[in-house]
Number of protein chains: 2
Amino acid sequence: MLPQETVPTCDDDSLQLSSQLCFATYAAAHAFTRFYKPLLEPLGLTYSQYIVMLVLWETDNVTVKEIGQRLFLDSGTLTPLLKRLEASGVVQRKRDAQDERQVRISLTQKGRDLRAPVTAVWRDVVCGVGLTQDDFDALKNQLNQLRQTLDRAGRRDPR
Amino acid sequence: MLPQETVPTCDDDSLQLSSQLCFATYAAAHAFTRFYKPLLEPLGLTYSQYIVMLVLWETDNVTVKEIGQRLFLDSGTLTPLLKRLEASGVVQRKRDAQDERQVRISLTQKGRDLRAPVTAVWRDVVCGVGLTQDDFDALKNQLNQLRQTLDRAGRRDPR
DNA sequence: CAAAGATATATTGCGCGCAATTGATTTGCG
DNA sequence: CGCAAATCAATTGCGCGCAATATATCTTTG
């Protein structure tokens with residue numbers, strides 16, 4: 001008998017909640033935001049704002065578009081979010097002088113100062129997930145791979 | 001040297017987007033809903049409505065609370081969602097005669113008829129994720145485990 | 001049986017995600 | 001150059017998630 005690629009079964013029973021990889025992903029993602037919420041709240045950040053700040057701590061003075069590409073979010077999500085971050089004083093929004101279509105986002109001192117307490121939060125989360133380094137990385141890589149596959153398969157006619 | 005549990009590192013570089021398991025989970029979950037959207041749209045369902053229907057196809061005539069427990073959602077999310085499902089004619093909402101606090105959700109014929117086309121959608125998704133049965137199940141189980149760990153760790157003083 | 005507490009759903013308010021559209025700016029092409 | 005197409009951000013509209021609160025109903029307890 002030849003070794004064969006076993007594709008997940010598609011019989012009738014498979015349409016159960018417990019069989020759904022999508023639901024496991026969905027539920028785990030929401031569990032993460034629930035877990036983060038009380039930790040980020042004292043810092044005045046939501047989970048989505050937190051991942052935007054991660055981008056800025058890595059690369060300051062980026063455009064809205066660049067943030068969107070890294071986070072897979074669009075301007076409809078980012079514009080109001082960034083305005084809230086600006087209102088709370090952690091970032092500054094400014095039209096690019098060279099290309100006035102773009103808006104560049106830069107950290108304020110208050111924004112830079114948030115990095116240390118957020119690092120502490122992140123330590124809590126790492127402990128909270130209760131995984132070894134290897135399992136942590138393996139799971140992360142599988143999910144990144146899955147996202148990429150889904151997004152590529154999702155574009156119609158990907159020639 | 002003793003074998004030791006390797007906890008994920010917490011040095012300064014770890015606070016990068018690419019190191020974040022939470023972001024990988026978050027992004028994969030949104031990729032799933034993006035992938036599902038054009039497939040479910042012709043059936044008049046959103047992704048969230050889809051997972052509610054999964055519950056109902058497994059167990060008809062359940063209370064809002066039971067749906068919430070299975071999906072980790074509360075009444076603030078479910079009540080308006082179920083009203084929309086009722087408005088589109090796929091479910092019926094009715095106060096329980098024995099306990100008037102409860103609202104029981106049951107499928108209409110139109111709701112039962114949706115099961116077949118949704119099974120077809122699910123086949124598309126299974127192919128879209130491009131995983132073998134084993135990888136699919138393993139990833140699903142790890143995510144379920146992760147969700148459980150996060151939710152348990154999240155409750156303060158879990159005595 | 002009445003009051004107190006527990007339970008189930010509904011409502012309100014806020015912050016996302018995202019599709020679709022708009023407006024401003026820049027680029028590309030004849 | 002001049003105008004059409006492309007690009008970027010903002011806006012609008014809708015459907016979640018979820019905390020906090022409100023309301024109605026049931027249960028428990030004295």
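In what follows, every chain begins at residue 1, and chains take the letters A, B, ... in the order their sequences are listed. Keep in mind the model is a prediction, meaning the values are calculated, not measured.
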- [ ] Measure from the side-chain heavy atoms of B/Q102 and tell me the nearest of D/dA9, D/dC18, C/dA8.
- [x]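 Of all the options, the side chain of B/Q102 is nearest to C/dA8.
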Open item on the list: Of the options D/dA10, D/dT25, D/dC16, whose atoms approach the side-chain atoms of B/D99 most closely?
Closed with: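 Nucleotide nearest to B/D99's side chain: D/dT25.
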- [ ] Indicate, yes or no, whether a donor-acceptor pair under 3.5 Å links the base of C/dA8 to the side chain of B/S75.
- [x] no
Open item on the list: Check this for me: does the side-chain of B/R101 come within 3.5 Å of the base of C/dT7 through a donor and an acceptor?
Closed with: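 Yes.
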How long is the line joining [atom1] of [X] and [atom2] of [N], in whole Å?
X: B/L40; N: C/dA19; atom1: CG; atom2: P; value: 14 Å
X: B/Y47; N: D/dC14; atom1: OH; atom2: P; value: 24 Å
X: B/H30; N: C/dC16; atom1: NE2; atom2: C1'; value: 8 Å
X: A/Y50; N: C/dG17; atom1: OH; atom2: C1'; value: 20 Å
X: A/E100; N: C/dT27; atom1: CD; atom2: C1'; value: 16 Å
X: A/L73; N: D/dA9; atom1: CG; atom2: P; value: 14 Å
X: B/F32; N: C/dG17; atom1: CZ; atom2: C1'; value: 17 Å
X: A/L82; N: D/dA9; atom1: CG; atom2: C1'; value: 11 Å

Should [X] be listed as having a side-chain N or O under 4.0 Å from OP1 or OP2 of [N]?
X: B/T79; N: C/dA10; value: yes
X: A/R95; N: C/dT26; value: no
X: B/K65; N: C/dA6; value: no
X: B/S48; N: D/dG17; value: yes
X: A/Y26; N: D/dG17; value: yes

TODO: For residues B/L107 and B/R112, report the shortest heavy-atom separation together with the two atoms involved.
DONE: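 Looking at all heavy atoms of both residues, the closest pair is O-NH1, 3.3 Å.
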Open item on the list: Can you give me the closest heavy-atom contact between B/R147 and A/A27, atom names plus distance?
Closed with: CD-CB, 3.4 Å
Taking any heavy-atom pair under 4.0 Å as a contact, classify [X]: base, sugar-phosphate, or nothing.
X: B/L78; result: nothing
X: A/D74; result: base
X: B/Q98; result: sugar-phosphate
X: A/T46; result: sugar-phosphate
X: A/E66; result: nothing
X: A/R93; result: sugar-phosphate

Open item on the list: Set out, in order, the CA-CA distance, both residues' side-chain angles and the distance that settles side chain to side chain contact (heavy atoms under 4.5 Å, CB included) for A/L82 and A/V103, then state yes or no.
Closed with: CA-CA 11 Å; A/L82 290 167; A/V103 169; over 6 Å; no
Task: Rounded distance (nearest 0.5 Å) linking atom SG of A/C22 with atom CG of B/L143 - done: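 One finds 11.0 Å between SG of A/C22 and CG of B/L143.
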Task: 5′-ward residue of the pair B/G76/A/G76 relative to DNA chain D - done: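 Comparing both residues, the 5'-ward one is A/G76.
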- [ ] Would you please indicate yes or no on a ring centroid separation below 6.0 angstrom for B/Y26 and A/F32?
- [x] no
- [ ] Starting from the 5' end of DNA chain C, give me the residue, A/I51 or A/A97, whose nearest nucleotide shows up first.
- [x] A/I51
TODO: Side-chain contact test, heavy atoms from C-beta onward, threshold under 4.5 Å: evaluate it for A/R70 versus B/L17 and give yes or no.
DONE: yes
